[in-house]
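This structure is a prediction, so every number in the text was calculated from the model and none was measured. Letters go in sequence order (proteins before strands), and every chain restarts at 1. Values below: every heavy atom of this structure, side chains too, minus hydrogens, waters and symmetry copies.
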Amino acid sequence: MKRHVASLLAQALEAMREAGELPADLELPEVQVERARDRAHGDYAANTAMVLAKTARQKPRDLAETIRSRLPASPSIADVEIAGPGFLNFTLTAEARRESVRLALHQGADYGRSDVGAGHRVHIEFVSANPPGPLHVGHGRGAAFGDALASVLEAAGYQVHREYYVNDAGRQMDILATSLWLRYLEAAGETVPFPAKGYQGAYIVTHAGELLEADGRAHVRTAAELAAGLPAEDDDPEGYLDALVARARELLGETAYRRVLDFALEAILGDIRADLDAFGVRYHRYFSERELVEQGRIEQALERLDAAGYTYLADGALWFQASAFGDDKDRVLRRDNGLTTYFAADVAYHLDKIERGFDTLVNVWGADHHGYVPRVQAALKALGVDAERLDVRLVQFAILYRGGEKLPMSTRSGEFVTLRELRDEVGKDAARFFYVMRRSEQHMDFDLDLAKSESADNPVYYCQYAHARICSVFRQLEERGLACRAGVDEAALDRLDTEHEAIVLDLLGRYPEVIESAALSREPHQVAQYLRELAAAFHTYYNAVPFIIDDEPLRDARLTLVRATRQVLANGLELLGVDAPQSM
RNA sequence: CCGCCCGUAGCUCAGCCGGAUAGAGCGUCGGCCUCCGGAGCCGAAGGUCGCAGGUUCGAAUCCUGCCGGGCGGGCCA
């Protein structure tokens, strides 16, 4: 409907130009149509006349008058008024306003979907947490945001691919494998010292036990073999760790070592996958960095940069001329020890995404990675890719509060709340809704007590309750031996004439616009805000007007409206990964 | 020192590609169940939109400079 109004305006402007009421060479502005903020201003408002006033050298209100006279007739528009400094206020016909009910019920779960993104293939990468640790609440917001955004984009017609980038190459994997192996030795009865810089988590111990169960004592070596000739840990903990890794490799041999490493990675990834699954997040693919390395993709990427002429050697390292593309300084691709950097892998990864045919790349990153954005964009530019195609959404951290106290959030051992703990405490629905309620750029306070309270204060329950309440109305109807007899097309929707009904109708009609806007601006929080508004309008309506009444045509009309409301609530909650319960 | 994000009601936040009287929830105060679920509803009080300039017919919104908070600035990942 919004687009319909915009198209009417565009036609009017064209007609004016042809009639000589506007200079022929005048560049027509993009027509902006908004939902009127105040219901007294009709349904839609356009500021076209004011925007044009200056270049057309006419008074806004006069111009508005001309535009109005040139507007083509539309069966959906009842009235167009000129108000304020020169707004054109459009009022829909009652019939057009009721259309959303029919659409919502005919289209069902598809109501709100559009084709604005049709033809676009979007790659969205989110969470991508390092495997060695469990997911914590810092990743939760990225998970909730990324998944909701992906769903919103899908609803807007984009073809969306969800991906998790697994950093399964490099030193941290060796540390993981070695940590797990040491715990395995402990489980096998050996007394071995555990390095301070190893991965301390209890989950490593658990998986070590599983390895012992799966492979038996095949990988057992004695404590004496292990310790022989190792440097002292105190002097250089990191060096000690590297020596331990080397020793593990040496004692196990490449095949067994690889077995332990793969086992550790599989186990940890299994935990992550299970966590995300329980959080309602599914991926199309977990993309392995190691594969990138093993398939020579990193070397290829470096060659591409080299061929483009943006690399050079200095201080024994290979550098990328990032500063030529807006980054602060140049970046190392290959260290003087011959190993490629994480950045090199990321260049290869992004190049791979582009080569897979995605026209848009969305990266959801923690805000602490913001300094990393310019260099990745620089790399894309150097490779001849329009940097606009990469959209990095930075998600700020949420600060957790319990009992009015800030929870410690240090990543150091044990001092963080895991995503699993959060889910156990407040539930999947509350966690996901809270995370996407706010703009991602906004620092947010996450009040655990509020999130788990089963009260009106809790916005999640508020929205879910609206849905459950509608289900309850229909159960009640059935208990009384009644039914909503009229179909959508037969219902006497013209009987819906209260102000409360007008507000609900207005909101139902806005839903597709909200999805479109949320998709275009990549802001899923708009959906959460909308749902709370719709729930509020429904609760108000519910309290003010009885549905199950004797007047059958009116009853059916109201029940039809309420049923459409339920559909839209369910659709919106679905996008956010929040359940829409029948009862609570 | 440099860069990015944020600053809106007592609190948590919408509104930010310039538009009409700056909104919501919580909290506070006062009301509403013989009635479809009170996990709800109605009403009231509450604002120099961090500060100061600038652009504009018009600024919470755009620009500049300050102030305050957060986060970054490795041949770590």
If I take atom CZ in residue A:F547 and atom C1' in nucleotide B:rC41, what distance separates them, rounded to the nearest angstrom? 12 Å

Under 4.0 Å between a side-chain N/O of A:H525 and OP1 or OP2 of B:rG15, yes or no? yes

When the distance from NE2 of A:H443 to C1' of B:rC4 is rounded to whole Å, what number comes out? 10 Å

Inter-nucleotide C1' distance (B:rC33, B:rG23), Å rounded: 30 Å

Could you tell me whether the phosphate oxygens of B:rC41, OP1 or OP2, come under 4.0 Å of any side-chain nitrogen or oxygen in A:Y462? yes

Would A:R566 count as a cation-pi partner of A:F474, with NZ or CZ less than 6.0 Å from the six-membered ring centre and within 45° of the ring normal? yes

Name the nucleic acid region contacted by A:V395, choosing base, sugar-phosphate or nothing; use a 4.0 angstrom heavy-atom cut-off, strictly under. nothing

Pairwise side-chain contact, A:H539 with A:Y462, heavy-atom cut-off 4.5 Å (strictly under): yes

Flag side-chain contact, heavy atom, 4.5 Å: A:Q396 against A:S440: no

Heavy atoms under 4.0 Å, any strand shown: does A:T540 hit a base, just sugar-phosphate, or nothing? sugar-phosphate

Describe the nucleic acid contact of A:Y542 in one word from base, sugar-phosphate, nothing, applying a heavy-atom distance below 4.0 Å. base

Which value, in whole Å, describes the distance between the C1' atoms of nucleotides B:rU12 and B:rG18? 27 Å

A:L534 CG - B:rA24 P separation (whole Å): 17 Å

Say we look at B:rC41 and B:rC4: how far apart would their C1' atoms be, to the nearest angstrom? 45 Å

If you measure from OH on A:Y435 to CZ on A:F145, what distance do you get to the nearest 0.5 Å? 14.0 Å

Does A:R469 make a cation-pi contact with A:Y542 (under 6.0 Å, within 45 degrees of the axis)? yes

Which dot-bracket string fits RNA chain B when only Watson-Crick or G-U wobble pairs with both atom distances under 3.5 Å count, crossing pairs get [ ], and | stands for a partner on a different strand? (((((((..((((.....[...)))).(((((.......))))).....(((((..]....))))))))))))....

B:rC33 glycosidic torsion: syn (within 90° of 0) vs anti: syn

At less than 4.0 Å, is any side-chain N or O atom of A:Q476 found next to OP1 or OP2 of B:rG37? Yes or no. yes

Using a 4.0 Å heavy-atom cut-off, write out nucleotides 72-77 of chain B from 5' to 3' as B (base contacted by protein), S (sugar-phosphate only) or - (no contact). SSSBSB

Using the salt bridge (charged side-chain N to carboxylate O under 4.0 Å, His left out) rule, take A:D346 and A:R375 through it: C-alpha gap first, then chi angles, then the decisive distance, then the call. CA-CA 10 Å; A:D346 232 21; A:R375 77 186 69 168; over 6 Å; no

Round to a whole Å and report the spacing from CD of A:Q32 to P of B:rU61. 17 Å

Describe the nucleic acid contact of A:S521 in one word from base, sugar-phosphate, nothing, applying a heavy-atom distance below 4.0 Å. nothing

A:Q529 vs B:rA24: side-chain N/O to OP1/OP2 distance below 4.0 Å: no

Atom-pair distance (CG on A:L400; C1' on B:rU12), nearest Å: 14 Å

Give A:A544 one of three labels, base, sugar-phosphate or nothing, depending on what nucleic acid heavy atoms sit under 4.0 Å from its own. nothing

